Amino acid sequence: MSAATKPALRVGVVGCGVMGTDHARLLARQVSGAELTRVTDLDPGRAAALAEELGALTSPDGPALIAEEDVDAVVVASADATHAALVLAAAAAGKPVLCEKPLAPSLEEAAGVVRTLDADGTGHLVTLGFMRRVDPAHVELREALHRGAVGEPLLVHGTSRGVTAGSGATSEGLVTGSFVHEADSVPWLLGSPVTAVCWQAPGRSTGTDTASGDLQDPQLLLLRTADGVLTTVEVLLNARYGYDVRCEVVGRTGALALSEASQTTSLTTRSADLARTSTFAADWRPRFAEAYRRELQAWVDGVRGLEAPALATARDGLVAAAVCDAAVRSMRAAVDGAGLWTSVEVSW
Ligand SMILES: NC(=O)c1ccc[n+]([C@@H]2O[C@H](COP(=O)([O-])OP(=O)(O)OC[C@H]3O[C@@H](n4cnc5c(N)ncnc54)[C@H](O)[C@@H]3O)[C@@H](O)[C@H]2O)c1
């Protein structure tokens with residue numbers, strides 16, 4: 001059956017916040033072969049408004065949406081702590097699921113999910129939303145590295161900055177919610193697993209007096225991969241000036257970096273005060289808009305049996321959780337902001 005004659009994949013989205021809304025709009029308007037049929041959210045008004053905008057129906061909650069007859073596959077974009085149960089419910093129902101990162105906030109929970117998927121033989125139904133794997137700039141960087149453009153890699157420098165931390169942000173949440181992207185993208189980029197992590201922290205940025213009262217921002221994570229490469233990752237939630245993700249790989253014969261243009265929105269202003277300025281995005285959506293579109297298209301194509309680029313699996317989610325776990329253990333044992341090297345332990 002050709003792509004044109006295959007029936008559209010009917011997708012339900014759980015969680016109608018920032019990411020769920022973005023994914024639902026893409027599925028309804030831009031992803032070919034997909035039909036958005038259902039949405040749900042803890043806040044029924046939010047779900048109803050999105051359903052009306054996109055011509056979908058609402059379901060009372062996640063489990064009910066997964067069970068709907070007009071839902072073939074599910075996108076999970078609700079809060080991190082809800083992911084594991086929803087992924088397992090979708091897999092148990094035999095429905096493919098694309099789950100936003102992380103698979104679960106803790107290593108124990110992520111390992112439990114993978115154990116159950118393995119026992120039931122349903123791991124193939126689960127995809128993790130590590131969208132850097134299909135971000136054009138990251139893909140180009142990886143391809144150049146692998147064709148030897150700068151020789152063997154020695155160092156990686158990652159930077160991940162946001163405008164302001166949310167009111168519920170915590171030190172450990174920064175690791176499991178933000179750094180988790182590098183926990184997946186660095187080994188993916190290098191083709192080598194992270195073996196140890198060391199957590200370090202300087203003073204605190206303005207804006208760390210959050211409701212939790214427990215936010216170390218920024219944090220610096222050092223990673224060792226099995227290939228001997230050393231990686232630095234700076235995560236700064238309260239950068240103020242804009243959303244800014246960077247990556248540079250230093251090799252034996254040169255260096256490769258994501259271009260400046262890939263970090264900013266496209267507007268450059270030349271003004272009468274003899275200045276040239278470019279504008280940063282306020283959050284991650286403009287920077288990764290094309291990656292989210294490609295991710296959803298690849299997921300829908302893959303589920304429909306068409307050829308598509310490889311996306312992250314539940315096991316990749318578990319491995320990233322193990323890297324985050326090592327970072328958190330290094331943080332918990334830190335003295336005056338200086339943690340020790342801590343081994344990554346993946347067990348399931
Ligand atoms: N891939 C990325 O680049 C990226 C970026 C941001 C966030 N995320 C992830 O996406 C997910 C959503 O993040 P967000 O920024 O949209 O958060 P958000 O707070 O804007 O939205 C989350 C929504 O989920 C709803 N919700 C919570 N628990 C629910 C449940 N049990 N059932 C149904 N709805 C529920 C909330 O009411 C809220 O509307 C998180 O897991 C986050 O880590 C991924």
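Each ligand, and each atom within it, is numbered from 1 in the order the structure gives. These numbers were taken from a predicted model, which means no experiment stands behind them.
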Element-labelled atoms of ligand 1 that are located less than 4.0 Å from some non-hydrogen atom of [X]:
X	value
H181	1 (N), 2 (C), 3 (O)
H83	41 (O)
M131	1 (N), 3 (O)
G129	1 (N)

Identity and separation of the nearest protein heavy atom to [atom]:
atom	value
atom 37 (O) of ligand 1	D41 OD1, 2.6 Å
atom 24 (O) of ligand 1	S78 CA, 3.5 Å
atom 31 (N) of ligand 1	T82 CG2, 3.5 Å
atom 41 (O) of ligand 1	D80 OD1, 2.5 Å
atom 30 (C) of ligand 1	L42 CG, 3.8 Å
atom 12 (C) of ligand 1	A77 O, 3.3 Å
atom 21 (O) of ligand 1	G17 CA, 3.2 Å
atom 1 (N) of ligand 1	E100 OE1, 2.9 Å

Report task. Please confirm whether the backbone N or O of V175 pairs with a side-chain atom of S178, one donor and one acceptor, at under 3.5 Å? Result ->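 No: the side chain of S178 does not pair with the backbone of V175.
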Requested in this report: Return yes if some donor-acceptor pair links the side-chain N/O of T37 with the main-chain N/O of V11 below 3.5 Å, else return no.
Outcome: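 Yes; at least one donor-acceptor contact below 3.5 Å.
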Requested in this report: Look at the aromatic rings of H23 and Y292 and report parallel, tilted or perpendicular, splitting at 30° and 60°.
Outcome: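 Answer is perpendicular, since the angle exceeds 60°.
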**Report entry** Non-hydrogen protein atom less than 4.0 angstrom from atom 10 (O) of ligand 1
**Finding:**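 Protein heavy atoms within 4.0 Å of atom 10 (O) of ligand 1 - there is at least one.
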Query raised in the report: Is the shortest distance from atom 17 (O) of ligand 1 to a protein heavy atom below 4.0 Å?
Result: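 Looking at atom 17 (O) of ligand 1, one finds that no protein heavy atom lies closer than 4.0 Å.
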Query raised in the report: Would L26 and L54 show up in the same hydrophobic cluster when neighbours are defined by side-chain heavy atoms closer than 4.5 Å?
Result: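 Yes; L54 is reachable from L26 via cluster members.
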Query - same_hphob_cluster(L256, L154) at 4.5 Å side-chain heavy-atom cutoff - result: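 No, L256 does not connect to L154 through the hydrophobic network.
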Query raised in the report: Within less than 4.0 angstrom of ligand 1, does V14 place any heavy atom?
Result: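 Under 4.0 Å: yes for V14.
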**Report entry** Under 3.5 Å side-chain donor-acceptor pair for S160 and E234
**Finding:**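 Side-chain D/A pair, S160 to E234: absent.
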Query raised in the report: Does the side chain of Y241 come under 3.5 Å of the side chain of R161 through a donor N or O and an acceptor N or O?
Result: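 On atom types as modelled, these side chains qualify, holding a pair under 3.5 Å.
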For ligand 1, note which part of [X] has a heavy atom under 4.0 Å away: side chain, backbone, both or neither.
X	answer
F130	neither
K101	both
F288	neither
M19	both

Query raised in the report: Would you say W284 has any N or O atom under 3.5 Å from an N or O of ligand 1, going by distance alone?
Result: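 Min N/O separation from ligand 1 is not below 3.5 Å for W284.
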Report task. Indicate yes or no: does R147 engage E143 in a salt bridge with an N to O separation below 4.0 Å. Result ->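 The answer is no: the pair does not qualify as a salt bridge.
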